[in-house]
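Predicted model only: the values in this text are computed from it and were never measured. Worth knowing before you read on, the calculation uses all heavy atoms, side chains too, and leaves out hydrogens, waters and symmetry mates. Residue numbers start at 1 and run along the sequence shown.
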Amino acid sequence: MFEKFIFCLCLWCWAGVFGTDTDVMKSVSVMEGDSVSLLTDVTKVRRDDLILWMFGHKDIPIAQINRNDNTNTIFNDRADGRFRDRLKLDQTGSLIITNTTITDSGVYKVTSTRTKSSLNTFNLTVYAHLPVHVISIYCPKNPSSSLSGSSSVSRCAFLCSVLNVGHVTLSWYKGNSLLSSISVSDLSTSLPLHLECLDDSYSCVVSNPISNQTQYLDLSQLTCSDCGCCGSTEAVIRLALSALVGVAAVSVLVYEFKSRSQQKREQTSPSDND
């Protein structure tokens with residue numbers, strides 16, 4: 001009997017009957033401008049309970065629900081006023097943040113005076129909308145040519161660029177295969193793709209953990225006439241025309257040579273009357 005009592009006592013302590021605080025932090029992600037609900041996991045607020053929401057590592061009070069006098073209070077002037085007119089509390093004390101902004105990112109904690117413990121802790125991350133990224137073309141100098149003593153030779157390269165980025169990843173793909181990638185934060189950056197021959201299966205992707213945007217390489221609009229890129233439409237057309245002209249010239253020379261040879265044979269051959 002005594003062993004059973006000790007076992008039950010341990011279970012009560014583990015379940016938090018005596019107000020044991022749980023430090024498990026839940027991660028929540030949302031896109032800027034969307035609404036998010038941070039739940040207390042309480043089915044019903046009791047009459048003698050006061051639930052308090054706090055923001056940041058300094059535990060700044062931002063909202064509370066008091067069942068003693070049946071009032072909900074939103075502290076609009078707290079946390080530099082960043083949450084003004086954007087916070088709501090439902091009947092269970094859960095916090096609703098509307099029209100989220102990047103500055104809403106941070107730690108949120110909700111406590112209860114009845115349990116004398118933290119009900120939940122959240123780490124909220126608000127992501128900005130993905131920037132528009134652009135694929136352009138440029139002709140970098142080939143550094144290896146200078147080492148050999150020859151003049152610098154340009155070759156075709158494509159550049160994927162983004163401006164005003166925040167916590168995004170910029171990547172080049174060929175089909176579903178990742179070619180190169182770079183993670184950036186609060187900077188403007190570009191990611192080059194150096195290839196000799198290209199096709200329309202290449203794409204540049206800008207992404208964050210909850211969203212992505214893709215731009216496909218359009219060779220009909222991107223040409224590199226000065227770089228010798230064999231993948232561009234203009235270069236292919238020029239190469240094909242050059243080949244046709246060359247074949248035509250060779251054909252004319254061969255025909256002219258055969259005609260002159262035939263004439264010489266006819267002039268030097270004996271007549272039928274001799």
Side-chain angles (χ1 to χ4, degrees), residues 16 21-115 117-133 162-171 183-188 205-215:
D21 194 6
T22 57
D23 293 326
V24 178
M25 184 175 295
K26 301 178 181 179
S27 296
V28 179
S29 299
V30 66
M31 188 66 73
E32 186 178 22
D34 293 342
S35 297
V36 62
S37 296
L38 305 179
L39 307 180
T40 59
D41 291 338
V42 174
T43 56
K44 185 178 180 180
V45 180
R46 294 189 179 183
R47 200 174 281 275
D48 60 342
D49 203 2
L50 186 149
I51 292 179
L52 176 65
W53 280 95
M54 295 172 287
F55 171 72
H57 295 288
K58 294 183 178 180
D59 291 337
I60 302 172
I62 56 175
Q64 73 177 26
I65 179 170
N66 189 346
R67 277 293 177 257
N68 284 323
D69 54 9
N70 199 29
T71 59
N72 292 357
T73 305
I74 304 296
F75 304 108
N76 283 317
D77 58 337
R78 304 292 177 87
D80 302 325
R82 74 184 67 190
F83 298 108
R84 185 175 300 277
D85 301 326
R86 295 192 296 112
L87 298 183
K88 297 179 182 178
L89 290 169
D90 67 11
Q91 59 184 2
T92 66
S94 295
L95 182 69
I96 302 170
I97 309 174
T98 61
N99 193 25
T100 54
T101 67
I102 297 176
T103 58
D104 295 342
S105 297
V107 177
Y108 294 78
K109 183 186 294 184
V110 56
T111 60
S112 168
T113 56
R114 181 177 60 83
T115 61
S117 64
S118 173
L119 297 176
N120 264 327
T121 303
F122 299 91
N123 184 16
L124 176 65
T125 303
V126 181
Y127 289 96
H129 288 278
L130 292 173
V132 176
H133 55 304
V162 288
L163 299 175
N164 302 320
V165 297
H167 305 289
V168 302
T169 299
L170 196 61
S171 308
S183 295
V184 292
S185 176
D186 302 322
L187 295 171
S188 299
V205 178
V206 58
S207 62
N208 58 33
I210 59 176
S211 183
N212 65 79
Q213 289 183 5
T214 302
Q215 291 278 4

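- Between the side chains of Thr169 and Ser171, no donor-acceptor pair is found at a separation under 3.5 Å.
- Of the possible polar contacts, one joining the Asp90 side chain to the Thr92 backbone as a donor-acceptor pair under 3.5 Å is found.
- Minimum heavy-atom separation, Ser105 to Val126: OG-N, 2.8 Å.
- Between Ile60 and Phe75 there is no side-chain heavy-atom pair separated by less than 4.5 Å.
- Residues meeting the salt bridge (Lys or Arg N to Asp or Glu O under 4.0 Å) test with Asp85, sequence neighbours left out: none.
- Residue Leu52 comes nearest to Ala63 through the heavy atom pair CD1-O, 3.5 Å, listed as atom of the first residue, atom of the second, then distance.
- The minimum heavy-atom distance between Pro131 and Leu163, with the atom names listed, is CB-O, 3.5 Å.
- Scored by the salt bridge (Lys or Arg N to Asp or Glu O under 4.0 Å) test, Arg86 finds Asp104 as partners (sequence neighbours excluded).
- Taking every heavy atom of both residues into account, Thr103 and Phe55 meet most closely at O-CZ, 4.2 Å.
- Counting only heavy atoms from C-beta outward, the side chains of Val162 and Leu170 approach each other to under 4.5 Å.
- Under the side-chain hydrogen bond (donor to acceptor under 3.5 Å, both in side chains) criterion, Thr100 pairs with no residue, sequence neighbours left out.
- To the nearest 0.5 angstrom, Asn208 atom CG is 10.5 Å from His167 atom NE2.
- For the pair Asp49 and Thr113, the minimum side-chain heavy-atom distance is below 4.5 Å.
- Put simply, OG1 on Thr73 and CD on Gln64 are 4.5 Å apart, with the number rounded to the nearest 0.5 Å.
- Here OG1 of Thr98 is found 6.0 Å from NZ of Lys88. Values are rounded to the nearest 0.5 Å.
- In this structure, Ile97 and Leu124 have side chains that are in contact, with non-hydrogen atoms separated by less than 4.5 Å.
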Going by atom type alone, with no hydrogens or angles, which donor-acceptor pairs under 3.5 Å involve a side-chain atom of residues 26-36 and a protein atom two or more places apart or on another chain?
| unit_1 | atom_1 | unit_2 | atom_2 | d |
| --- | --- | --- | --- | --- |
| Lys26 | NZ | Asp41 | OD2 | 3.0 |
| Lys26 | NZ | Asn120 | OD1 | 3.2 |

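- Val132 pairs by the side chain to side chain contact (heavy atoms under 4.5 Å, CB included) definition with nothing, not counting sequence neighbours.
- Ile74 contributes atom CD1, which lies 4.0 Å from atom CG of Leu89 (distance to the nearest 0.5 angstrom).
- For the pair Leu87/Trp53, no side-chain contact is recorded, criterion being any heavy-atom separation below 4.5 Å from C-beta on.
- Of all non-hydrogen atoms in Leu95 and Tyr108, the two that sit nearest each other are CD2-CD2, 4.1 Å.
- In this structure, the separation between CG on Asn123 and OG1 on Thr125 is 5.0 Å, given to the nearest 0.5 Å.
- For Asp59, the salt bridge (Lys or Arg N to Asp or Glu O under 4.0 Å) partners at least two apart in sequence or on another chain are Lys109.
- Heavy atoms only, all atoms of each residue included: Ser94 and Thr40 are closest at OG-N, 3.2 Å.
- Proximity of Leu50 to Ile65: side-chain heavy atoms (C-beta onward) are nowhere separated by under 4.5 Å.
- Considering CD1 of Ile62 and CZ of Phe83, their distance stands at 5.0 Å, rounded to 0.5 Å.
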